[in-house]
Structure formats: C-alpha cells, structure tokens
Number of protein chains: 2
Amino acid sequence: MLILILIEFSKNKIYQSVYFVYICFMQTKSELTKQFILETVAPIFNKNGYAATSMSDLTEATGLTKGAIYGNFKNKETLAIAAFKFTVKALLKRIAKHLELSDSPIQKLFLISDFYRNYYDYSKQLGGCPVLNIGVDANNQNTLLLEHVKIVIEKIQDQIATIIENGIEAGEISTEINAMQYAKRIDTMIQGAVFMTYTMDDEFYIKDTMKQIDQMIHNDLKA
Amino acid sequence: MLILILIEFSKNKIYQSVYFVYICFMQTKSELTKQFILETVAPIFNKNGYAATSMSDLTEATGLTKGAIYGNFKNKETLAIAAFKFTVKALLKRIAKHLELSDSPIQKLFLISDFYRNYYDYSKQLGGCPVLNIGVDANNQNTLLLEHVKIVIEKIQDQIATIIENGIEAGEISTEINAMQYAKRIDTMIQGAVFMTYTMDDEFYIKDTMKQIDQMIHNDLKA
DNA sequence: CTAATAATATACCATTTGGTATATTTTAAA
DNA sequence: TTTAAAATATACCAAATGGTATATTATTAG
C-alpha cells in the first residue's frame with residue numbers, strides 16, 4: 001500500500017510502475033528518465049543501426065518529446081554510445097552470473113559455450129548482438145562508437161584468457177596452450193556463429209559452433 | 001591510334017578511357033553507364049550501409065546527376081541490390097579463379113583458406129566484406145536485400161560442400177564427414193574472422209583462423 | 001503554500017532526404 | 001546534316017532530418 005501512495009505522489013504516467021524504486025533508490029528524477037530512455041532506445045539502435053535510427057523513432061518509442069531526450073543526452077551520438085554501453089552492461093552481467101555456476105576453469109569454459117547456445121533467444125531482446133551489430137555498423141561511420149565496441153571485445157577476450165590461465169595454473173588445462181590465442185579463437189567462432197544465425201535465421205550455426213567449441217576444449221585444452 | 005580516334009568520337013568525359021571497349025563489346029550507352037554507376041556506388045553502399053548512404057553521396061562519387069542515376073535504376077533500393085550483386089559477382093569470380101589452381105578437392109579446400117588469408121586487403125577494395133556488411137545492415141531493415149545475402153551464403157556453402165563431397169568420392173576425405181555441416185563450419189569461422197579482423201583492425205584473426213581451418217582439414221577431414 | 005529550479009513539451013529552424021517532371025543534351029540512324 | 005530517340009541535367013517537390021530556443025509543467029526546498 002505504501003507503493004500505491006507513492007505512485008499517487010507522481011502525476012507522471014510513464015514512471016508510475018517503477019516510482020517506488022525511484023523514491024527509495026534513485027538519485028534524481030532525470031536519472032530515472034535517463035534509465036528509461038536508455039532501456040527503450042538501446043534495442044532500437046541495436047536493431048536499426050545508428051543512421052537508420054531517427055530521433056522521431058526514439059520519441060515515438062519512448063512517448064517522450066525531443067525536449068526530454070535532448071535534455072538528458074547531448075545529441076544522437078552520445079545517446080547511441082550510452083545505449084550501447086547499457087546493452088553491453090546487461091549482457092556482461094548475465095554472462096558473469098552464468099559463469100558463477102562453477103568454480104572450475106574448464107567448467108567455466110563449457111559454461112561460456114553453454115551461455116551462447118541460447119544466445120539467439122536472449123539477444124533478440126537486446127535487438128540483436130550489440131557487438132556484432134554496432135561493430136559492423138560503426139565501422140567507417142562512427143569512430144567513437146567503434147572504439148567502445150573494441151573495448152568490449154578486448155574485455156571479453158581478456159576474461160576468457162584469464163579463465164584459461166587459471167585453468168593452466170590449476171592443472172586443468174595443458175601448459176602448451178596460448179591462453180590469449182585460444183580466447184580469440186573462441187570469441188571469433190562465437191561471433192561468426194552469431195552472424196550466421198541472425199543472417200540465415202537458423203540456430204544450427206550457433207548450436208553447432210558451441211558443439212565445436214566444446215570439442216576443442218575436450219581435445220585441445222585439457223591437460 | 002584506332003583507340004584515340006574512337007575516344008575523340010565521344011564528347012563525354014567519364015567514358016573516354018573505356019570507350020573503345022564500349023564501341024567493340026558493349027550493347028548500349030546506358031549499359032555502360034549502369035556498369036560505371038555500379039562499380040562506383042557498390043563500395044559506398046558496402047562501407048556505409050543502405051540508410052547511411054544518400055543519393056547525394058552517389059551523385060558526388062559518380063559525378064553524375066540524379067537524372068542519370070534514376071534513369072538507369074528505379075530507386076535507391078534497386079540500386080543497392082544491384083550494387084551488392086555486382087560486388088558479390090566480382091568476389092565469387094575471384095574465388096573461383098583461385099580454386100582453379102588445383103584439381104584435388106583437398107587442395108581446393110586449402111586454397112579456400114589460402115584465399116581468405118589475404119582477404120582483408122582484397123575486400124577493402126570492395127568496401128569491406130559484402131556478405132558481412134550487407135548481411136548485418138539489411139537485417140531488420142531491408143528484407144529484399146537480406147534475401148540476396150542469404151542466397152549468396154547458401155551458394156558459397158554449397159560450393160564448399162560439393163568440394164568436400166568430391167573429396168569423399170575421390171577417397172581423399174573420410175566418408176565419415178558430413179559435407180554440408182563442415183562447409184557451414186568453415187564458412188562460419190571465416191565470417192567470424194572477417195568480422196573480428198575488420199572491427200579490431202587486426203589481421204591476426206583472419207590469419208589465425210585460416211591456420212585453424214587448415215588444421216581441421218588435416219586432422220578431421222583427411223581419409 | 002510559495003518561489004526557485006529542474007525537467008519536459010512545443011514550436012520552430014535550416015538542411016537534407018528520396019524522388020520526379022521537364023528541359024536539355026547526346027547519340028545513332030537516315 | 002538532319003531528325004527522332006535515348007540519356008542526362010536541371011529545377012523542383014513534400015516530407016523528414018537533427019537540433020534548439022522558448023514556453024510550460026513538475027518537483028523540491030523553504
């Protein structure tokens with residue numbers, strides 16, 4: 001009932017459902033609006049790409065006006081970058097959570113392929129794979145955005161490489177293995193599979209590639 | 001000297017250098033213009049994507065006016081599709097030529113990885129990999145264009161699968177191998193490598209992936 | 001409850017968009 | 001060289017673009 005009272009407190013239609021959270025945890029009103037804009041706008045940018053997304057697409061989707069959006073974000077590019085970061089943050093958090101299911105490095109590697117096995121369904125909510133979509137879209141178009149994609153890719157590869165290194169230290173993985181090279185191989189195969197799955201609209205690619213990665217882990221990596 | 005005389009014959013600046021060829025082999029004037037538009041426009045569409053390419057980009061690049069372009073192509077979409085086909089035709093022809101270097105199916109597979117080993121430099125002339133760029137760009141945006149990308153991917157995979165099947169028949173490749181599955185695996189890895197190479201601007205990915213494919217051919221495929 | 005401020009909506013801007021009707025030029029045939 | 005047709009250039013269109021100045025509304029502190 002406390003929630004209802006607090007809802008009544010606000011005259012704004014959009015935020016009513018999350019207003020309780022806002023009152024309790026959020027800083028300012030605009031912080032909440034920013035959040036709302038980002039989660040609404042992110043999948044649109046991700047789906048359409050930067051140039052194919054117009055500000056009117058965003059005002060329609062959010063139900064807000066340009067005044068509200070430009071009051072919270074300097075311009076379209078800033079918004080697109082913030083949206084990309086928003087999506088990636090959610091994605092990386094989800095992966096990290098999945099990797100908590102085991103402490104064993106080699107099991108963590110299997111958990112990575114396990115995560116991507118269901119990635120088609122999950123990433124559709126995000127408007128597609130942000131790394132692939134924005135990576136291709138930003139190339140030759142938006143240097144700043146491309147830099148952010150690069151950073152994300154490096155981060156993912158570092159994480160995989162660290163897992164492999166931990167596996168080597170733990171004696172689970174052969175000392176012959178070049179951790180970063182294998183991390184890059186796995187990442188490259190995943191991105192290829194994501195591209196093929198989306199373009200052909202066929203999950204065979206992602207399922208089969210994850211099988212292949214599992215085989216690699218079994219045959220090449222294991223000590 | 002004959003060439004010079006024929007060049008003098010034309011008052012149009014753009015076509016002078018190829019006018020001899022036109023006089024001898026080409027059908028109509030507009031056929032030549034179409035060709036010229038396509039080869040100029042294709043890398044622009046490929047680099048920028050459909051939405052980020054404006055008609056004025058194309059008139060500037062070609063030195064022609066909208067009248068000339070719309071006189072030869074119904075609209076922007078038709079032109080983009082024709083441009084994609086133009087690029088892919090050149091690419092597939094180049095691959096086919098490279099594959100002529102050997103008659104042995106297993107050697108042809110090695111020639112595929114060999115071709116893509118230098119794909120970064122080559123595809124830059126095309127404005128990037130058309131399959132990757134247009135595939136991602138057209139998704140959620142341009143159904144017709146996406147269909148054409150799908151067809152190209154299927155064609156490439158069929159060709160690889162056929163080579164593998166020929167290898168099986170010739171006794172070079174193990175009968176255990178599922179030709180189409182392996183064709184798709186190879187194609188998926190290539191596309192992943194192309195994406196990573198472009199996005200990270202680092203040829204490691206394409207070079208290393210081709211090594212990996214060669215290893216696969218050696219270890220898994222050979223009879 | 002009121003005043004100051006923060007957040008959002010409105011109305012507008014010049015520029016660019018894809019596309020077209022028409023005028024002009026270029027070409028090919030007689 | 002003249003003429004019909006083909007190809008291209010010009011000038012224009014309404015609609016949409018990203019962005020902004022200002023008016024209006026919500027919010028918060030006193």
Side-chain angles (χ1 to χ4, degrees), chain A residues 6-16 19 22-23 26-38 40-41 44-45 48-81 83 141-142 145, chain B residues 6-16 18-19 22-24 26-38 40-41 44-45 48-81 83 141-142 145:
Chain A
L6 285 161
I7 287 170
E8 199 59 28
F9 193 64
S10 166
K11 283 166 190 158
N12 194 308
K13 279 157 268 169
I14 296 166
Y15 310 110
Q16 284 181 357
Y19 214 78
Y22 160 43
I23 296 290
M26 284 289 176
Q27 307 79 343
T28 66
K29 172 83 184 304
S30 82
E31 208 62 34
L32 182 74
T33 308
K34 271 200 182 100
Q35 198 76 5
F36 170 75
I37 291 173
L38 285 181
T40 311
V41 146
I44 298 174
F45 270 120
N48 301 349
Y50 181 76
T53 302
S54 66
M55 291 309 296
S56 62
D57 288 336
L58 308 182
T59 53
E60 276 177 37
T62 54
L64 297 171
T65 59
K66 283 210 236 181
I69 293 178
Y70 276 95
N72 285 288
F73 297 93
K74 190 186 157 199
N75 53 30
K76 195 185 166 188
E77 193 186 21
T78 306
L79 179 53
I81 292 171
Q141 291 285 111
N142 193 318
L145 205 41
Chain B
L6 284 162
I7 287 170
E8 199 59 28
F9 193 65
S10 166
K11 283 165 192 159
N12 195 309
K13 280 157 267 168
I14 296 167
Y15 309 108
Q16 284 182 357
V18 278
Y19 214 79
Y22 161 45
I23 296 290
C24 294
M26 284 287 175
Q27 308 78 343
T28 67
K29 173 82 183 304
S30 81
E31 208 64 32
L32 183 73
T33 308
K34 270 201 181 99
Q35 198 76 5
F36 170 74
I37 292 173
L38 284 181
T40 311
V41 146
I44 299 174
F45 270 120
N48 302 348
Y50 181 76
T53 301
S54 67
M55 291 309 297
S56 61
D57 288 335
L58 308 183
T59 53
E60 276 175 39
T62 53
L64 297 170
T65 59
K66 284 211 238 181
I69 294 178
Y70 276 95
N72 286 287
F73 296 93
K74 190 187 159 199
N75 53 29
K76 195 186 166 188
E77 193 186 20
T78 305
L79 179 53
I81 292 173
Q141 291 285 112
N142 194 318
L145 206 40

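Each chain gets a letter, A, B and so on, in the order the sequences are listed, and its residues count up from 1.
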Handout entry: Contacts of B:S56 that satisfy side-chain hydrogen bond (donor to acceptor under 3.5 Å, both in side chains) - sequence neighbours left out
Key = B:S54
Completion exercise
A correct 5'-to-3' footprint of nucleotides 17-24 of chain D, with B, S and - meaning base, sugar-phosphate only and no protein heavy atom under 4.0 Å, is SBBB----
Exercise for the section: Identify the residue among A:L58, A:I37, A:V41 that makes a side chain to side chain contact (heavy atoms under 4.5 Å, CB included) with A:F73. Expected result: A:I37
Exercise for the section: Under the side-chain hydrogen bond (donor to acceptor under 3.5 Å, both in side chains) rule, collect the residues that match up with B:T78, sequence neighbours excluded. Expected result: B:N75
Practice task
Kindly write out the residues that satisfy side chain to side chain contact (heavy atoms under 4.5 Å, CB included) with B:T40, not counting sequence neighbours, or none if the list is empty.
Solution key: B:F36, B:A61, B:T62
Completion exercise
Atom CG of B:L58 and atom P of C:dT16 are separated, to the nearest Å, by 16 Å
Exercise for the section: May I have the distance from A:L64 (atom CG) to C:dT10 (atom P), rounded to whole angstrom? Expected result: 11 Å
Exercise for the section: Calculate the interatomic distance between B:L32 atom CG and C:dT26 atom P; express it in whole Å. Expected result: 16 Å
Handout entry: CA sep, side-chain torsions, deciding dist, call: A:L145, A:I81, side chain to side chain contact (heavy atoms under 4.5 Å, CB included)
Key = CA-CA 6 Å; A:L145 205 41; A:I81 292 171; 3.6 Å; yes
Handout entry: Flag side-chain contact, heavy atom, 4.5 Å: B:L64 against B:T59
Key = no
Problem - B:T33 side chain near D:dT8 phosphate (N/O to OP1/OP2, under 4.0 Å) - result: yes
Practice task
May I ask you to evaluate whether B:N72 reaches the phosphate of D:dT8, defined as a side-chain N or O under 4.0 Å from OP1 or OP2?
Solution key: yes
Fill in the blank from the handout: Between CZ of B:F36 and P of D:dA7 the distance, given in whole Å, is 17 Å
